[in-house]
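As structure tokens, the structure follows; a few thoughts come after it.
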Amino acid sequence: MSSSPAIEPDAPDLVCQLDNVQGMVDALACVRWKRHQDALVELSEHGIVLIVEESGCLQAKVYLQRELFTKYEYGAEGRPRFGISLGLLVDCLNTFSSPGHSNTIEIKYPGPDMELLLKSVDTLNSCIYSEIRTRLPETSAWDYNFEQAGSAPLTFTVKSSALKEAIDDLEWPGSSVQISLQKSPPCVTFRGEGHGDLQIDLMYYANTDLLLAFHCDTEVSYRYKYKFLKATTANIPGNVVRENRGSKLTIGRGGMLKVQHLVSVAKALAPQVESAGYQPPSRIAYIEFFVKPEEPDD
């Protein structure tokens with residue numbers, strides 16, 4: 001009598017584990033600029049990308065590379081994509097994060113009904129389990145087609161806290177902000193208009209503690225709607241501001257603005273764990289915003 005092999009259930013597209021839930025919450029919170037927000041998630045052998053958009057004028061991406069995860073088993077063909085509520089995902093992740101602890105979670109997709117499954121794996125006396133309903137993406141993300149404006153990038157790097165403070169100070173209801181790069185003397189200017197004018201100049205050689213890097217071979221000036229510009233810094237985690245990491249801004253062809261932040265997803269280890277002088281590699285989540293400029297006045 002012959003026996004047939006047991007039928008194995010379909011393997012999930014992705015099973016991964018992360019040992020710092022708060023780091024992931026911080027990264028995703030950066031791109032949560034309003035209460036109800038839909039996100040597009042794309043999985044690949046290289047990691048997870050989460051994309052959110054608004055009005056065809058603002059796009060944000062969170063890159064969670066596979067190196068951030070302590071375990072990353074990818075079994076899908078192609079790159080599966082699904083839609084999800086960003087607020088619900090962040091709120092669920094928060095339930096796995098305890099103050100002062102870096103709990104490890106397992107993330108699996110898809111579940112029996114195409115859910116995103118979250119489960120705690122390092123708690124001895126309890127287990128937290130969550131299922132988040134996903135949906136087929138209604139639209140594909142718009143192609144920002146970011147290209148540098150000339151032979152060299154037009155870019156500058158500023159302390160994250162200084163960038164956030166400058167944009168907060170420029171707020172006028174319904175206003176826009178003009179960003180200008182000047183070659184000589186090297187300077188970045190933020191100018192807002194409303195019931196009055198406010199201009200903030202960052203001189204490269206005079207403000208080296210704030211303006212960390214600057215490159216401009218062509219003077220440019222573009223205007224951006226304030227609410228979209230504010231979204232690029234409104235939810236930078238407090239620990240990133242306190243660490244005063246640098247945020248990089250690049251102006252591309254046609255005035256497309258790219259704003260990049262770095263958020264640590266590394267688990268904090270006690271000094272005594274670092275034996276024999278070994279230092280673990282830094283694990284960073286990359287956050288990118290793309291902001292379209294306002295149309296120039298006729």
Side-chain heavy atoms nearer than 4.5 Å, only ILVMFWY residues, links allowed to pass through others: does that put [X] and [Y] together?
{"X": "I128", "Y": "L117", "result": "no"}
{"X": "F96", "Y": "I132", "result": "yes"}
{"X": "L88", "Y": "W33", "result": "yes"}

Check: [Y] main-chain N/O paired with [X] side-chain donor or acceptor under 3.5 Å:
{"X": "T134", "Y": "M114", "answer": "yes"}
{"X": "K292", "Y": "G56", "answer": "yes"}
{"X": "Y63", "Y": "I284", "answer": "no"}
{"X": "Q260", "Y": "T250", "answer": "no"}

Worksheet item: Are L14 and I48 close enough, and set up right, to give a side-chain contact (heavy atoms from CB on, under 4.5 Å), and what steps lead you there?
Response: CA-CA 10 Å; L14 175 66; I48 301 172; 3.9 Å; yes
Point-to-point distance, once rounded to the nearest 0.5 Å, from [atom1] of [X] to [atom2] of [Y]:
{"X": "D26", "Y": "N20", "atom1": "CG", "atom2": "CG", "value": "8.0 Å"}
{"X": "I107", "Y": "L18", "atom1": "CD1", "atom2": "CG", "value": "6.0 Å"}
{"X": "L154", "Y": "L181", "atom1": "CG", "atom2": "CG", "value": "6.5 Å"}
{"X": "L257", "Y": "F228", "atom1": "CG", "atom2": "CZ", "value": "13.0 Å"}
{"X": "S55", "Y": "K225", "atom1": "OG", "atom2": "NZ", "value": "9.5 Å"}
{"X": "I236", "Y": "S161", "atom1": "CD1", "atom2": "OG", "value": "9.0 Å"}

Item to complete: Given side-chain contact (heavy atoms from CB on, under 4.5 Å), test R135 with D38 step by step and report yes or no.
Response: CA-CA 10 Å; R135 52 185 171 270; D38 290 329; 2.3 Å; yes
Do you know the tightest heavy-atom contact between [X] and [Y]?
{"X": "N235", "Y": "A29", "value": "CB-O, 3.1 Å"}
{"X": "D13", "Y": "P110", "value": "N-CD, 3.6 Å"}
{"X": "E115", "Y": "Y109", "value": "O-CD1, 3.4 Å"}
{"X": "L163", "Y": "S247", "value": "CD2-CB, 3.9 Å"}
{"X": "G255", "Y": "Y224", "value": "O-OH, 2.5 Å"}
{"X": "C216", "Y": "T218", "value": "SG-O, 3.2 Å"}

Practice prompt. List the steps and the verdict of side-chain contact (heavy atoms from CB on, under 4.5 Å) for L116 and I84.
Written response: CA-CA 9 Å; L116 182 68; I84 197 169; 3.8 Å; yes
Can you tell which of [options] makes a side-chain contact (heavy atoms from CB on, under 4.5 Å) with [X]?
{"X": "V62", "options": "L86, V263, V52, V31", "value": "V31"}
{"X": "L64", "options": "R283, H46, M24", "value": "M24"}
{"X": "L50", "options": "L40, V41, I287", "value": "V41"}

Do the non-hydrogen side-chain atoms of [X] and [Y] ever get within less than 4.5 Å of each other?
{"X": "L93", "Y": "I105", "result": "yes"}
{"X": "T95", "Y": "S130", "result": "no"}
{"X": "K71", "Y": "E106", "result": "yes"}
{"X": "I167", "Y": "T232", "result": "yes"}
{"X": "E131", "Y": "D113", "result": "no"}

Hey, is [atom1] on [X] packed in by over 12 heavy atoms from elsewhere, all under 6.0 Å?
{"X": "K230", "atom1": "NZ", "value": "yes"}
{"X": "E42", "atom1": "CD", "value": "yes"}
{"X": "K164", "atom1": "NZ", "value": "yes"}
{"X": "R133", "atom1": "CZ", "value": "no"}

Discussion item. So, using salt bridge (Lys or Arg N to Asp or Glu O under 4.0 Å) as the criterion, who are the partners of R253 when residues are at least two apart?
Written reply: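 Salt bridge (Lys or Arg N to Asp or Glu O under 4.0 Å) check on R253 returns E147.
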Worksheet item: Would you call K61 and E288 a salt bridge, using N to O less than 4.0 angstrom?
Response: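 Answer for the salt bridge query: no.
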Item to complete: Look at the rings of Y72 and Y74 and say which category their plane angle falls in: under 30° parallel, 30 to 60° tilted, over 60° perpendicular.
Response: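 Taking Y74 first and then Y72, their aromatic rings lie parallel (interplane angle under 30°).
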Worksheet item: For the residue pair H261 and F289, does the interplanar ring angle fall in the parallel (under 30°), tilted (30 to 60°) or perpendicular (over 60°) class?
Response: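 Ring orientation of H261 relative to F289: perpendicular.
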Cut-off 3.5 Å, no hydrogens considered: what does the side-chain donor-acceptor table look like for residues 198-206, sequence neighbours left out?
residue, atom, partner, partner atom, Å
Q199, NE2, D201, OD1, 3.3
Q199, NE2, D201, OD2, 3.3
D201, OD1, T189, OG1, 2.7

Worksheet item: Can you tell me if Q182 and E219 form a side-chain donor-acceptor pair at under 3.5 Å?
Response: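 Their side chains do not contain a donor-acceptor pair, so the 3.5 Å distance test is not met.
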Item to complete: Before giving the answer on side-chain contact (heavy atoms from CB on, under 4.5 Å), spell out for L136 and F82 the whole-Å C-alpha distance, their side-chain angles and the decisive distance to 0.1 Å.
Response: CA-CA 5 Å; L136 292 175; F82 58 86; over 6 Å; no
